[in-house]
Amino acid sequence: MTGLIAFREIVLKVHSRCDLACDHCYVYEHADQSWRARPKVISPEVVATTASRLAEHARDHALPSVTVILHGGEPLLAGPARLRLVCEEFTRALAGTAELDLRIHTNGLQLSTRYLDLFDEFGVRVGISLDGDRAANDRHRRFADGRTSHPLVLAAVALLRSAPYRHLYQGLLCTVDVANDPVAVLDALVELEPPRVDFLLPHATWETPPARPDDAPDAYARWLLRIFDQWERLERPVPVRLFDSLLSTLRGGPSLTESLGLAPTDLVVVETDGTLEQVDSLKSAFEGAAATGFNVFDHAFDQVAAHPGVRARQLGLAGVSDACRRCPVVRSCGGGLYTHRYRDANGFDNPSVYCTDLRELVDGVEGRTAAATTAPQLTDPDRLAGSQQELTRVLLARLHADLAAEPGWARAWELLGAAERAGEAGARASDAVLDHPFTRTWILAALDGAGAPDGPEAARRLTALAAAAVLRGGLDLPAEVAFRDGEVYLPTLGLLRLGEPGTEGRAVLRVADEGYLARDGRTEHRFGPAAGDARWQPVRTWSPGPDEAPVALEDLDPYRNCFARPPRLRLGAGETEEWRGRLDGAWALLRSAVPEFARSAAGGLTTLTPLAGGPRAGDWGEAGRHGPGALGVPYAAGVPETALALLTGRRRARLRELTEVADLYALDGQWEHPSPWRSRPVPVSRLLADVHERVAVEAYRRATKSPEPGGSGHIHQALDRLAGAAELTVTGKRLVEELRWELKAVHA
C-alpha cells in the first residue's frame, strides 16, 4: 500500500483502569469515556493477534525496529503473569524480523522487584509519571480518597535507580501546572537523576481551554521559560525533551517530540479489547475522536494507516492551519499538539489553544541561546576555512573507502600520508594540494559517478595529488604518477608532458637541485620553475596587491570545468598579461569604491579561472562546484565588469561555503516567497542568495554612480520577507541581521 505511513510505535493498553484518581487525566476525566465499556485487562488473544499483526507490518515495511509501549490505565495492574505473556508474545513474533524496543509507562505505585526482574529479563524500560515535588505532585496525582501518592512514587523511583535496575530507568514525565513553583519542580525531578524529563502541557482544546490562574495568554510559556532558565543555571543536568526539540529545530534539525514540530506521527493505539485507535490524547477532544472503526482481529495496521484521521497527521506543513503556515516559528512548534487545535466549529483546522504560549516559548528559547547556537563559521573566517578543509578530508575518506583496493590507489594514499607526516613542510604541502579548490571537484565527481567511482581515473588524480605534495614540500620521496594522453597535471604546480598525445604510462618524480626530476623508463629530464623545459607549463599567478597572497590563474586543471560556462583554454603569455592588467584595474576600482567589500572579497581567494565569453546581464562572477577559494571570471570582461564579477562571485562563493558547513535554513522549498528581482515566488535559499549578493551590488552601484532601479528598496523588501521566514535557523537569522547592518553601512 504505497504512500502509507509505517507505524513504528505501538501503544498497547494492557489494563484500562487505574489506582490513582488524577483530576487532569485525559482517559478518565475528559470527553471520551469509552474506557467504561472495555475489558479491564487485555486478553491473551488480543496480545497474540496484535503481536502477529505488528510482525506482519514490520516485514511489509522492512522496519529495522519497532517500539511497544505498555500503557493503561495503569499497566502494572495487569499483573506480572499477563505482562510476561505480553513480553513473550512480542519477543517471539518479532524475532528475526525487527528489533523490539519494549517500554512501560506507569505511575509507579505497584512497582516492585517482581516486576523489575521481569523487565530486566526482557529489556523493558520504565518511565514514571511525577509532577515534581510533593506539593506539585499532590495537586493532581492523588488516590480517590485524597491521599498523597508522592512517597510511594519516590520509593518506586529509588528502586528503579538501584544498581540492579538502573539500566531500565527511562525517565520522568511531568504534566505542567502553572500554579506550581517551576524551580521547585525542576529541582525535585533533577534530584532523581532521570535519563530524561518530559514536560507535557495539560490536554485542552478551544472548547475546554487550559486553566490560566492569572488569565495571561502566555502563562505556560513564562512557567516553562523559568524552568529553562533554571535548567541552564544547572548546566543542563538532564536531557529535557521539550527543550532539546526546540534547540534542534532552531538549528535546522528535526523535532524530537510529537507535541512540537512538523514530523508525521507514526503511532497507533491498541485498546484492551483489540480496538485500533489513533493517538490517545485525542480523547480530550470529543467522544470517539480517536476511533478508527478497526480492530486487530479483522484489520491490518496498513488499513489504520489509510484512515483519514491518521493521514491528516502525515501532511506536515500542509496539515496545519493557514495562520500557522504563515507563522515564523511553525517549524519549531509545528502548530502544537494535534489535539490542542480542536474547535467544534471547524475541527482541528486551528492554531493550538496554546498558540501564544508556544510562540513566546520558541522566541524565548531562541533569544536565550542564539549567541551560543549561531554557527561560528558565520562570523569567524578561520572557523569557516577549517570546516571547509575538514569537509574535503571527510569526502576524500569516503572515496578512499570505495577505492582502497583499486590498483595504484593504495600506493598513492600511502605516499600522501607519508608527505603529511614528513614534518611541517610536508604537512603544509599536503594541505595546499588538498585545499586546492578543484580537488573537491574531483572528489565530488568521483563520488557522484553512476554506480561505483571510476577507479583508474580517481587513482590517476590521487597519484598526481600525492606527487604535488611531495614536490611542493621538497621531500626526499619517490612519487609515482600515472599519465594519460601523454601528460599529467600536478595540482597547484602545473602540467607536465611525459609522452606523445594518446600515450599512457607511469613515471617517477623526485625533488632535484633547482627543480624536479622526472624518470619515465630510461628517459630522465628536469622540469620546474628554473628548468626552462618546454614540456612543463607552470600555473601562473596574480597578486591583488603588495600585501595580498598570490592568486593562481588556473587555466590548466582538467577539473576547472565546473562553472556554468566553459573555461578558456590555456592563455598565451600576452593574454595572461592583458588579463592581469584588467584584474589590477578591477581590484583598484573595488578598493576605491567599496573598500570593506573588497577586503572581504580578497579573504580566502586563492584561484581565478578565465571563462569563455564576455559578461552577461545579471550573470557576473561564478562560484562553481568546487572547494573554497576559486572563482570563475569571464576573460573578455572589461575592468568594471571584472570588478563586479570579483565582488559578486566571492559573495556567492562565501554563501555557498556557509551552506555547506552550517544550517542556514530547513525545509527549503516548503514555502515560496515573493522576490523583487524575479517574476515568480522563490524558495528561501534563492531569496537569501539574491539578497546576499544584491547588498554588495548596491554598494558598488552607489559608489560608481550606476544605481539599479529599485535598489535598496528592493533589498529592504526581501530582508523583511526573510525576517518572517519560518525556514531560517538561528544562524540564518543572524546572517539576515548581518545583511541589514551591511546595507545600513552602504547608506551611511
Side-chain angles (χ1 to χ4, degrees), residues 22-32 105 127 129-132 136-137 139-141 171-183 185-186 189 196-231 239-247 249 255-263 265 267 279-285 289-290 313 320-321 324 327 329-330 332-343 348 350-365:
C22 306
D23 59 15
H24 57 10
C25 181
Y26 63 86
V27 175
Y28 305 110
E29 303 296 333
H30 287 199
D32 192 310
H105 189 82
S129 295
L130 180 66
D131 287 351
N137 201 67
R139 197 177 296 279
H140 301 287
R141 296 188 182 278
L172 300 175
L173 184 147
C174 173
T175 300
V176 173
D177 189 325
V178 294
N180 293 328
D181 180 342
V183 172
V185 166
L186 181 66
L189 298 177
R196 188 182 72 194
V197 172
D198 277 318
F199 286 105
L200 299 183
L201 293 169
H203 290 312
T205 70
W206 288 102
E207 303 304 323
T208 54
R212 296 185 181 275
D214 56 1
D215 294 326
D218 62 349
Y220 289 86
R222 287 189 283 110
W223 194 92
L224 286 166
L225 286 172
R226 287 186 62 192
I227 289 270
F228 184 85
D229 291 340
Q230 177 70 356
W231 186 59
V240 175
R241 185 158 60 168
L242 175 67
F243 300 149
D244 289 340
S245 181
L246 291 177
L247 293 171
T249 54
S255 169
L256 306 178
T257 172
E258 177 199 5
S259 60
L260 297 173
L262 296 167
T265 182
L267 177 150
V279 63
D280 226 21
S281 63
L282 285 171
K283 296 179 187 296
S284 299
R313 304 187 65 214
V320 301
S321 69
C324 290
C327 178
V329 305
V330 67
S332 288
C333 85
L337 190 69
Y338 191 73
T339 300
H340 298 168
R341 307 174 198 171
Y342 180 74
R343 194 191 297 267
F348 298 95
N350 304 287
S352 168
V353 71
Y354 292 103
C355 178
T356 302
D357 292 292
L358 293 174
R359 176 65 188 269
E360 291 294 326
L361 178 62
V362 176
D363 286 345
V365 170

* Please step through side chain to side chain contact (heavy atoms under 4.5 Å, CB included) for the pair R139 and D131, ending with a clear verdict. => CA-CA 9 Å; R139 197 177 296 279; D131 287 351; over 6 Å; no
* To do: Any chance you could lay out the side chain to side chain contact (heavy atoms under 4.5 Å, CB included) test for F228 and V365, step after step, and finish with the verdict?
  => CA-CA 8 Å; F228 184 85; V365 170; 4.1 Å; yes
Where the side chain of [X] meets the backbone of [Y], is there a donor-acceptor pair that is under 3.5 Å apart?
X: R226; Y: V183; result: no
X: R212; Y: P217; result: yes
X: N137; Y: L130; result: no

* Regarding H140 and D177, is there a side-chain donor-to-acceptor distance under 3.5 Å anywhere? ->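 Yes, a side-chain donor-acceptor pair sits under 3.5 Å.
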Supply the atom-to-atom distance [X] [atom1] to [Y] [atom2], rounded to the nearest 0.5 angstrom.
X: L246; Y: L224; atom1: CG; atom2: CG; answer: 9.5 Å
X: T175; Y: R141; atom1: OG1; atom2: CZ; answer: 5.0 Å
X: S129; Y: L173; atom1: OG; atom2: CG; answer: 5.0 Å
X: L260; Y: C333; atom1: CG; atom2: SG; answer: 7.0 Å
X: C355; Y: D218; atom1: SG; atom2: CG; answer: 12.0 Å
X: L267; Y: D280; atom1: CG; atom2: CG; answer: 8.5 Å

* To do: Step by step, work out the side chain to side chain contact (heavy atoms under 4.5 Å, CB included) result for S321 and R341.
  => CA-CA 9 Å; S321 69; R341 307 174 198 171; over 6 Å; no
* Applying ring pair (Phe, Tyr, Trp, His ring centres under 6.0 Å), name anything that partners Y342, two or more places apart in sequence or on another chain. =>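 Testing Y342 for ring pair (Phe, Tyr, Trp, His ring centres under 6.0 Å), a comparison that skips the adjacent residues, returns F286, F348.
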Any idea which heavy atoms bring [X] and [Y] closest together, and the distance?
X: R222; Y: A216; value: NH2-CB, 3.1 Å
X: S255; Y: S245; value: OG-OG, 3.4 Å
X: T339; Y: S284; value: CG2-CB, 3.9 Å
X: A211; Y: Y220; value: O-OH, 2.6 Å
X: A221; Y: E360; value: CB-CB, 3.6 Å
X: C324; Y: G335; value: SG-CA, 4.0 Å

* With under 30° as parallel and over 60° as perpendicular, where do the rings of W223 and F199 fit, or are they tilted in between? ->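 Rings of W223 and F199: perpendicular, over 60°.
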* Pairs where residues 197-208 contributes a residue and the test salt bridge (Lys or Arg N to Asp or Glu O under 4.0 Å) is met, not counting sequence neighbours ->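 Matches after skipping sequence neighbours: R196-D198, D198-R241.
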* Please report the C-alpha distance between E258 and L337 in whole Å, then the side-chain angles of each, then the deciding distance to 0.1 Å, and finally whether the side chain to side chain contact (heavy atoms under 4.5 Å, CB included) criterion is met. => CA-CA 7 Å; E258 177 199 5; L337 190 69; 4.0 Å; yes
* Partner of L242 under side-chain contact (heavy atoms from CB on, under 4.5 Å), chosen from L361, V197, L247 ->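 Exactly one pass, corresponding to L361.
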* **Check: L358 and S352 side chains under 4.5 Å, non-hydrogen atoms** =>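 Yes, close enough: below the 4.5 Å cut-off.
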